[in-house]
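First listed ligand is number 1; within each ligand, the first listed atom is number 1.
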Amino acid sequence: MLPSREAVGGTHTPILIVGAGPVGLALAGELGWRGIPCTLIERSDGSIEQPKMDIVGVRTMEFCRRWGIADWVRDAPYPGDYPQDCIYVTGLDGYELGREPFPGRAHEQCPPQSPQKRERVPQDMFDPILQRFVRTFPHVDLRYRTELVDFAETAAGVTATLRGADSGAAHTITADYLVGTDGGASMVRERCAIGMSGNPALTYTTNIVFRCADFDALHDKRKGYRFIFIGPEGTWLTIVASNGRDRYRMSIVGSADKIEHSEADIRAALRRAVGRDFDYEILSVMRWVRRELVADCYGNGSRVFIAGDAAHLMSPTGGFGMNTGIQDAVDLGWKLEAAVRGWAGVQLLDSYGIERRPVAVRNVTEASANLVRMLSTRERRPPPAIFDPGAAGDAARADYGSWFTQTMRQEWFTIGFHLGYRYDDSPIIVPDGSAAPPLETSTYTQTARPGARAPHAWLPDGRSTLDLFGRGFTLLQLGPDAPAGEAICAAAAVAGVPLTMVRLDVPAVTRLYERRLVLARPDGHVAWRADALPDDARGLIDHVRGAR
Ligand SMILES: Cc1cc2nc3c(=O)[nH]c(=O)nc-3n(C[C@H](O)[C@H](O)[C@H](O)COP(=O)(O)OP(=O)(O)OC[C@H]3O[C@@H](n4cnc5c(N)ncnc54)[C@H](O)[C@@H]3O)c2cc1C
């Protein structure tokens, strides 16, 4: 039974979420959208000193579409016509070595596998969109300047001590479940004694956000999103067009050696990149360590879970970090709803870490591989001729530049990661005996094999198949001779599992899904598929709700 709404704002909440970065906001939004009361606390006031993420991946955009906020992201103020080229240069006053052209986001087409496309929307534009979404739900209690200082699990739930930053006063709140979306230094993870495995320091990097009114006029390389600077020592700097107008983020890439870049180093780097002094204002400096770490488990095996950077830390190369975290939130969201509403089997919440951890390992590994590719110029150093004028220099630049351009492509084309993650080995997925297709990187072949994201296809009425998946399970009956699904529906009703049947006779969809009956989960992944009804419909429902 759902807890009463009076609990909101009070001393009990069904779900306490700690940390309102993009992942905590996404989880609160997902729960709010599901009608589940929850409390989201954030120790800061929500302002973002230095925006980190800026690519909202295609799967995250599919979630935004489900939540009804895809238009809000599309309408974010990053200019739609700002070219998104990645440009490799010896300097802005030097030579262009190569370029990967991308149109402004308004001109990018949706890939055939999705009704959405990725969007360039930096964190100081994206977090407010998620905040606005969260605030549409009166049953979600969003409290800024409120810090988690302690918590303990009891027989009945979790008791947490919170402290208001303004009053300094501590107070207690109880919750049925606690989720730590409290970032890389997660206190929730630490208190649960969850270790992290991997490499704790790939590089010591300094990011500088600066304002420059006419940066594009300082050079002849044309507008682009990302400039990668290659000197005699290899790749040493990147500059990205952070808001598509007057704000840029420079990253002194650094190395595994701990170097603290001073303001003089920063100004020297800017001068070297542009080739001369120019007018700019430094807005913020962030010294950070690039890590390759995944938590050894995603919760304490009971009522406490972690998600987002609390669970995985990766190089930003690839733009996977937040997007992986929002996938965590969506996977956990429907399972928490099931637990709160009382239809979850005992294994359902355990399946969260089982499903999500391998995805993080894959993405973290690829992010590091992308870093190695970006820094491969430090191994294969540029020949001195690429810095020289003349025909010999042109030939050397063409040769080196085309090698680097080709090398970098794997980072720019990543649909196989954003859409192709699967839960093949999950205990709540029913295998259908078909062979697992290979995992792809820059391409993605849609599959309706159990564990995969249910494929997108356009329907005659202009909707996507993804629009058919609601807050509960969806049983697709595909083709003119699909078996009746009433037995599955009845079994779901007995177990209290929300399930809707959708009959479709669209040959392209039947071909894509390959079976006449397909059961999609509340997160849009395929749980089961077959051409005939199962012998034991109750057993099927118990399997997918984690009750066997
Ligand atoms: C330079 C850079 C570029 C990046 N680009 C991309 C990109 O393009 N795409 C992408 O997907 N990812 C990108 N990332 C990664 C992405 O920014 C992170 O993965 C993402 O911010 C993680 O979100 P989160 O909500 O898990 O954690 P955070 O954003 O770290 O949020 C955690 C929040 O928890 C709060 N908190 C911590 N402890 C407590 C407490 N005890 N009580 C209350 N509140 C607490 C913190 O104040 C913080 O607001 C990039 C990262 C960097 C460094």
### Query
Is the ring centre of F215 less than 6.0 Å from the ring centre of Y248?
yes

### SB check R66 E30 (cutoff 4.0 Å)
yes

### Message
Looking at R422 and E355, is there a salt bridge between them, counting it only when a charged N and a carboxylate O are closer than 4.0 Å?
### Response
no

### Message
Give me each pair satisfying salt bridge (Lys or Arg N to Asp or Glu O under 4.0 Å) with a member in residues 160-169, each pair once, sequence neighbours excluded.
### Response
R145-D166, E147-R163

### Query
How would you list all residue pairs meeting salt bridge (Lys or Arg N to Asp or Glu O under 4.0 Å) that involve residues 252-261, not counting sequence neighbours?
none

### Message
Heavy-atom contacts with ligand 1 below 4.0 Å: which residues, ordered by chain and residue number?
### Response
V18, G19, G21, P22, V23, E42, R43, K52, M53, D54, I55, T146, E147, L148, T181, D182, G183, N207, R249, G308, D309, P316, G319, F320, G321, M322, N323

### Task
Only counting residues at least two apart or in another chain, list the ones meeting side-chain contact (heavy atoms from CB on, under 4.5 Å) with S302.
E153, N300

